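Below you'll find the structure, written out as structure tokens, and then a few comments.
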Amino acid sequence: MVGMRSSRRLFLRCLRLGHLRRFRFATQLINYIRYARLCIVSLAYNSFTNSDVVIESLFEPVYWLVDHVTRWFGIVFVALVIVLTSSIVLIVYICVLPLIIQTYSTPWIYWHVIYGHWNLIMIVFHYYKAITTPPGYPSQMETDIPSVSICRKCIAHKPARTHHCSICSRCVLKMDHHCPWLNNCVGHYNHRYFFSFCLFMTMGCIYCSFSSRVMFREAYSAIEKMKLQEKERLQFAANETYNDTPPPTFTFRERMFHKCIIYLWVLCSSVALALGALTLWHAMLITRGETSIERHINKKERKRLESIGKVFYNPYSYGRSGNWKVFFGVERKLHWVTRVALPSSHLPFGNGLTWSAPSWLVNKQPSVLAI
């Protein structure tokens, strides 16, 4: 009896010990899993993580693909701009200008010749300067430059208004955007060239479209007449012999002339609409003293401050007229002619690293500034 009790106690003790060991093993496994999860989260933890950061991280492969495609196709886009512009210039010289000289009065001929060549010179000059002028980069060797943060990709000081370009793989001073049609970033030193190119190209396209509007209507009617005659000629040839077929009314040169006029008008009108809208957008940004990137940053900051009852101030705005003077580098009235209406390679105000405070900022001393 005593032996049976002792064996029963021993069995219960062993059973209890097995349960304890299994419980300890499960507890240790859960602790190890929690510790591993904590290590992974600690490596990827960021107090600024939100839905925008998560979405941006998910789309990072798409951004990488777009950046590399834009980088490699930038030369193709530049070549396309040169080819299309050259084709329009050739059509104007071969088709439009001779007709203007034959039909227009002498004052109008002088006006077309002078304005057309001035506009062409301004387009070529500013496009060449926009694609060849570096936008400006902060020095990665100097450590005493004023900076507002550290670039997480360059691991270097980032001055105010400086942003990292993923296509150029470096930080750009007063970066506006990376333009594939220039194969270059638009920044502090070539922003004026980019905007002037957009402005004069829009003016040139409007000029070509408006000047060739009558010729376009005539060419379109001629093309429709060509199609109708070709259809009638084919129907006639199906019923008669080849010798009885009448000769075509339009020669090859006339066909090419009408097609070139239609090509010129359609291309110039399309570019005038698209590039004109872009030029107006950048004109609005210049008036506000902002870049394309700062527009989005300041918009979010303005909404955030309005929600807590504060007012947002842009410390890089010198007033509407002041912003245009700073942008074009105008110091006196004559500069509107020599630096805006004529080709000029003068440097912009400042070095892109520091920015002088406007007078209203010194007087008001707002609590929040744009960065």
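All heavy atoms count here, side chains included; hydrogens, waters and symmetry mates do not. Numbers here are sequence positions counted from 1. Predicted, not measured: the structure shown is a model, and the values here were computed from it.
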Take atom CZ of Arg295 as the centre, draw a 6.0 Å sphere, and report whether it contains more than 12 heavy atoms from other residues, nucleotides or ligands. yes
Val81 with Met122, same ILVMFWY side-chain cluster at under 4.5 Å: yes
Exactly one candidate in His163, Arg161, Lys174 meets side-chain hydrogen bond (donor to acceptor under 3.5 Å, both in side chains) with Glu294; the answer is Arg161
I'd like to know if the side chain of Asn323 and the backbone of Thr287 have a donor-acceptor N/O pair within less than 3.5 Å. yes
Got a donor-acceptor contact below 3.5 angstrom from the Ser209 side chain to the Ser269 backbone? yes
Considering residues, nucleotides and ligands other than Tyr220, do more than 12 of their heavy atoms fall under 6.0 Å from its OH? no
Would you mind reporting whether Trp324 and Val330 have side-chain heavy atoms less than 4.5 Å apart? no
Looking at Cys208 and Leu264, what are the two nearest heavy atoms and their distance? O-CD2, 4.0 Å
Indicate yes or no for a side-chain donor-acceptor contact from Asn119 to the backbone of Gly116 under 3.5 Å, with no hydrogens or angles considered. no
Given 3.5 Å as the limit, does a donor-acceptor pair link the side chain of Asn314 with the main chain of Gly289, or not? yes
Do other residues, nucleotides or ligands put more than 12 heavy atoms under 6.0 Å from Trp108 CH2? no
Counting distance only, does the side-chain N/O of Thr133 pair as donor-acceptor with the main-chain N or O of Lys129 below 3.5 Å? yes
Check step by step if side chain to side chain contact (heavy atoms under 4.5 Å, CB included) holds for Leu182 and Ile131. CA-CA 5 Å; Leu182 302 179; Ile131 63 178; 3.7 Å; yes
Please check if the side chain of Asn184 supplies one atom and the backbone of Ala130 the other of a donor-acceptor pair under 3.5 Å. yes
Should His177 and Phe195 be marked as a ring-ring contact (aromatic ring centres under 6.0 Å, His included) after you check the CA-CA gap, both sets of side-chain angles, and the distance that decides it? CA-CA 12 Å; His177 69 287; Phe195 177 79; over 10 Å; no
Give a yes or no on whether the backbone of Tyr137 and the side-chain of Arg170 come within a donor-acceptor separation of less than 3.5 Å. no
Rounded to the nearest 0.5 Å, the OH atom of Tyr316 sits from the OG atom of Ser356 at a distance of 11.0 Å
Working for side chain to side chain contact (heavy atoms under 4.5 Å, CB included), residues Leu280 and Met284: CA-CA 6 Å; Leu280 290 176; Met284 184 270 293; over 6 Å; no
Are side-chain N/O atoms of Ser292 and Asp176 paired as donor and acceptor at under 3.5 Å? yes
Around atom CD1 of Ile75, are there more than 12 heavy atoms of other residues, nucleotides or ligands at under 6.0 Å? no
Aromatic ring proximity, centroids under 6.0 angstrom, Phe200 and Trp118: yes
Are Met201 and Leu273 connected in a single hydrophobic cluster, I mean Ile/Leu/Val/Met/Phe/Trp/Tyr linked by side-chain heavy atoms less than 4.5 Å apart? no
Can Tyr127 and Thr85 be said to form a side-chain hydrogen bond (donor to acceptor under 3.5 Å, both in side chains), step by step? CA-CA 11 Å; Tyr127 188 69; Thr85 306; over 6 Å; no
With a 4.0 Å cut-off on N to O distance, would you call Arg304 and Glu301 a salt bridge? yes
Candidates Phe327, Phe349, Phe328 - the one meeting ring-ring contact (aromatic ring centres under 6.0 Å, His included) with His191: Phe327
Give the minimum heavy-atom separation between Pro138 and Val172, together with the two atoms involved. CD-N, 4.4 Å
Apply side chain to side chain contact (heavy atoms under 4.5 Å, CB included) to Met226 and His258, showing your working. CA-CA 10 Å; Met226 288 180 197; His258 295 309; 3.4 Å; yes
Pro135 versus Val186, closest heavy-atom pair with distance: CB-C, 4.3 Å
Given side chains that start at C-beta, do those of Phe216 and Ile262 come closer than 4.5 Å, heavy atoms only? yes
Cluster question for you: counting only ILVMFWY and a side-chain heavy-atom cut-off of under 4.5 Å, with indirect links fine, are Ile121 and Phe197 together? no
Aromatic ring centroids of His117 and Tyr93 under 6.0 Å? yes
How far apart are the closest heavy atoms of Ser211 and Met215, and which atoms are they? O-CE, 4.0 Å
Charged tip of Arg255 within 45° of Phe252 ring normal and under 6.0 Å: no
Closest non-hydrogen atom pair between Gly329 and His335, with its separation: O-ND1, 4.0 Å
Backbone of Val214 reached by a side-chain donor or acceptor of Arg217 within 3.5 Å: no
Main chain of Gly350, side chain of His188: is a donor-acceptor contact present, judged purely on distance under 3.5 Å? yes
Might you point out which heavy atoms bring Leu353 and Asn351 nearest each other, and give the distance in Å? N-OD1, 3.0 Å
Is there a path from Tyr193 to Val124 through hydrophobic residues (I, L, V, M, F, W, Y) whose side chains come within less than 4.5 Å of each other? no
According to a hydrophobic-cluster definition based on side-chain heavy atoms being under 4.5 Å apart (Ile, Leu, Val, Met, Phe, Trp, Tyr only), do Ile88 and Ile206 belong together? no
